[in-house]
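Read through the structure below, which is laid out as structure tokens, and then see the notes.
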Amino acid sequence: MGKELDPVRHFCRACNGRLHVFLDLGNQPPSNALLRRPDDRENFYPLQAAVCEDCFLMQVNYDVSPLELFGDYVYFSSGSKEWLDHTRRYCEQMVAHCGINTESQIIEIGSNDGHLLGHFKAKGVERVLGVDPSYSVAQVAIAKGIDTMVAHFGTPALAGVPLADLVICNNVMAHVPNLNDFISALSRILKPRGTLTIEFPHVVNLLNFTQFDTIYHEHYSYLSLKALEPALGRYGLFVYDVEFLPTHGGSLRVFVQKNPGGGDRPDVRAARHMERYLGDMTTYRDFANRAAKIRQDFSAFLLTHTVYGYGAAAKGNTFLNYCGVSRRIPCVGDVTPAKQGKYLPGSHIPVCDDAALLAQKPPYVLILPWNWRNEIVARLGPELRKGGGHFVVAIPELEVWKA
Ligand code: JHZ
Ligand code: ZN
């Protein structure tokens, strides 16, 4: 038998620079791999965060195959009302300011259940195409009449993809192991005067607010302008503007063209300024120390309180598995039908709907997706309050308050 390839990366997926590991979250199952039965077999893989010493792209150093991660996806992006509003506003902005009209060709990569393209269709833009590798979410889009290609986007999958006036990459670039091939494919489908927008949780916020739970195998990279600009530049793509967004703990939306012309806009300079510590290794060491402190504080709290969970988010699984929490949390509530009745990977905590959670009169509810804190407090607060319950968040630090 031939020698197996070492799946641990020592060099950067973007520029081939050397990687430095700064946080070890242990061996973990893929974060969205919910189990049908608590005794189902699951795969565990090393979960370590590393940073490139040349381009400072933060990334995981162990690549789980995208085929394993995205085949039967349980994340439906239309699960939150705030997110639906966010995508509606994006659509309006592109129509009002970026020249998108009913003749435009729009392509969304990672189109999930198609709700963003649905906003454009509602405005009379007929030529929309979604690309998503997951059949489970794509079929929802197709059922809504959104033309969708089930494929892992990249240069081998360009046959039949038209040239586009607008290419949208929302929360998708982090999910791509081969970043260079992906960017090369983006460049090939963008018309010479077309616009590409890329939205991603900004690594500056991940580091500043100790959002270590957003590190999981599905997220191969943790993006910044600093790492992205040279990667885009290799394929003739240039950033001409950015926008700061509150979503997913603080995101950047980057506007890209082939020949933007003009100087840098003020927000581009502001983003670069925010990123000035990304080249300093103490940033990463301090972050890892704060993650360990969060684990310590939450574990101590769990020993003396009865805690239920809410929101079976991917990030919640990184958190629970890093803390080594198992059946001590009786159940986790979630509105997603595809998650209800299943068990969280690693911890095997059952997922139930809101009513089943509230029926147990939970004294403490840990909000795992802290990014939806306001929406979740509004949803559960009135009922929780009746039983004298409390909310808990663990990130960026342990916080407990009466509902
Ligand atoms: P949420 C996702 O991460 C998925 P996750 C993905 N990997 C990605 O890249 C990032 O976002 C950016 C539920 N919920 O959105 C729905 C309620 O039950 O933080 C979800 O299961 N009731 C593509 O998985 C979960 O919580 C509610 O009222 O960490 C939220 O997951 C609300 C608001 C949410 O994403
Ligand atoms: Zn690099």
Side-chain angles (χ1 to χ4, degrees), residues 9-20 30-34 50-59 69-70 73-86 110-113 132-134 137 169-176 179-180 199-202 205-206 211 213-224 226-228 230-231 234 245 247-251 278-279 309-320 332-340 342 344-345 351-354 357 365 367-381 395:
R9 267 178 189 277
H10 302 284
F11 298 98
C12 173
R13 67 185 69 248
C15 79
N16 225 24
R18 186 170 288 279
L19 294 181
H20 291 278
S31 250
N32 267 320
L34 281 85
V51 63
C52 168
E53 70 177 20
D54 289 338
C55 75
F56 300 102
L57 177 67
M58 182 176 146
Q59 52 203 285
L69 298 180
F70 304 113
Y73 209 41
V74 288
Y75 179 77
F76 286 79
S77 44
S78 58
S80 154
K81 192 185 157 303
E82 269 181 45
W83 188 255
L84 292 176
D85 292 344
H86 171 76
S111 48
N112 199 272
D113 56 19
D132 201 289
S134 170
V137 292
C169 284
N170 279 355
N171 291 309
V172 66
M173 207 173 245
H175 298 79
V176 179
L179 205 56
N180 287 315
E199 210 172 295
F200 53 87
H202 195 187
N205 296 313
L206 187 160
Q211 298 163 351
D213 54 345
T214 63
I215 301 170
Y216 42 91
H217 298 103
E218 226 178 75
H219 291 165
Y220 299 91
S221 322
Y222 303 82
L223 296 158
S224 60
K226 192 180 188 76
L228 197 54
R234 281 195 286 275
L245 306 167
T247 47
H248 290 295
S251 296
L278 294 185
Y310 192 74
K315 61 173 72 65
N317 292 319
T318 296
F319 175 76
L320 296 171
V332 168
D334 195 289
V335 290
T336 316
K339 295 184 181 181
Q340 292 163 356
K342 293 190 179 160
L344 297 185
V351 182
C352 60
D353 63 14
D354 288 11
L357 173 81
V365 173
I367 300 175
L368 289 159
W370 38 260
N371 46 313
W372 302 122
R373 173 182 172 148
N374 294 342
E375 194 167 332
I376 291 170
V377 166
R379 172 189 283 274
L380 301 183
I395 290 172

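Only a predicted model underlies this, so the values are computations on that prediction, with no experimental measurement involved. We count ligands from 1, going down the list as the structure has it; atoms in each ligand are counted the same way.
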Counting only N and O atoms by type, is there a donor-acceptor contact under 3.5 Å from the side chain of [X] to the main-chain atoms of [Y]?
{"X": "R234", "Y": "A14", "value": "yes"}
{"X": "S251", "Y": "E199", "value": "no"}
{"X": "D132", "Y": "N112", "value": "yes"}
{"X": "Q59", "Y": "C12", "value": "no"}
{"X": "H20", "Y": "E53", "value": "no"}
{"X": "K339", "Y": "D334", "value": "no"}

If you compare all heavy atoms of [X] against all heavy atoms of [Y], which two are closest, and at what distance to 0.1 Å?
{"X": "F70", "Y": "E218", "result": "CE2-CG, 3.2 Å"}
{"X": "Y310", "Y": "R379", "result": "OH-CD, 3.3 Å"}
{"X": "F56", "Y": "L278", "result": "CD2-O, 3.4 Å"}

Element-labelled atoms of ligand 1 that are located less than 4.0 Å from some non-hydrogen atom of [X]:
{"X": "E218", "result": "7 (N)"}
{"X": "R379", "result": "22 (N), 27 (C), 28 (O)"}
{"X": "P369", "result": "19 (O), 26 (O), 30 (C)"}
{"X": "K339", "result": "20 (C), 21 (O)"}
{"X": "G311", "result": "26 (O)"}
{"X": "E375", "result": "33 (C)"}

[X] side, atom [atom1]; [Y] side, atom [atom2] - distance, nearest 0.5 Å:
{"X": "T247", "Y": "W372", "atom1": "OG1", "atom2": "CH2", "result": "7.5 Å"}
{"X": "D354", "Y": "Q340", "atom1": "CG", "atom2": "CD", "result": "8.0 Å"}
{"X": "L368", "Y": "K315", "atom1": "CG", "atom2": "NZ", "result": "9.5 Å"}

Which of the listed options, [options], holds the heavy atom that is closest to [atom]?
{"atom": "atom 33 (C) of ligand 1", "options": "Y216, F319, W372", "answer": "W372"}
{"atom": "atom 18 (O) of ligand 1", "options": "V335, V377, V332", "answer": "V335"}
{"atom": "atom 11 (O) of ligand 1", "options": "M173, H219, H248", "answer": "H248"}
{"atom": "atom 32 (C) of ligand 1", "options": "I376, L380, L357", "answer": "I376"}

Side chain to side chain contact (heavy atoms under 4.5 Å, CB included) partner of P345, the single match among N32, L320, N317: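 Per the side chain to side chain contact (heavy atoms under 4.5 Å, CB included) rule, the option paired with P345 is N317, out of N32, L320, N317.
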
So is E82 in contact with ligand 1, going by heavy-atom distances below 4.0 Å?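 Judged by the 4.0 Å heavy-atom criterion, E82 does not count as contacting ligand 1.
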
Determine, using heavy atoms of K81 and all atoms of ligand 1, whether some pair is separated by less than 4.0 Å.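 Per 4.0 Å heavy-atom rule, K81 does not contact ligand 1.
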
Heavy atoms of other groups near R373 CZ, more than 12 under 6.0 Å: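 It does: R373 CZ has more than 12 such atoms within range.
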
Just to be sure I read this right, does ligand 1 sit under 4.0 Å from the backbone of [X], its side chain, both, or neither, counting only heavy atoms?
{"X": "F200", "value": "neither"}
{"X": "W83", "value": "neither"}
{"X": "T336", "value": "side chain"}
{"X": "N371", "value": "side chain"}
{"X": "K315", "value": "both"}

Report yes if some heavy atom in the side chain of N16 is under 4.5 Å from a heavy atom in the side chain of C52; otherwise report no.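 SC-SC contact between N16 and C52 ruled out.
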
Looking only at distances, please establish whether an N/O atom of ligand 1 is found under 3.5 Å from an N/O atom of N32.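 Checking ligand 1 against N32, no N or O pair falls under 3.5 Å apart.
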
Looking only at N/O atoms, are P201 and ligand 1 under 3.5 Å apart anywhere?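 Min N/O separation from ligand 1 is not below 3.5 Å for P201.
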
Under 2.8 Å from the Zn ion (ligand 2), how many protein N/O/S atoms can be counted?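 Of the protein's nitrogen, oxygen and sulfur atoms, 4 lie under 2.8 Å from the Zn ion (ligand 2).
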
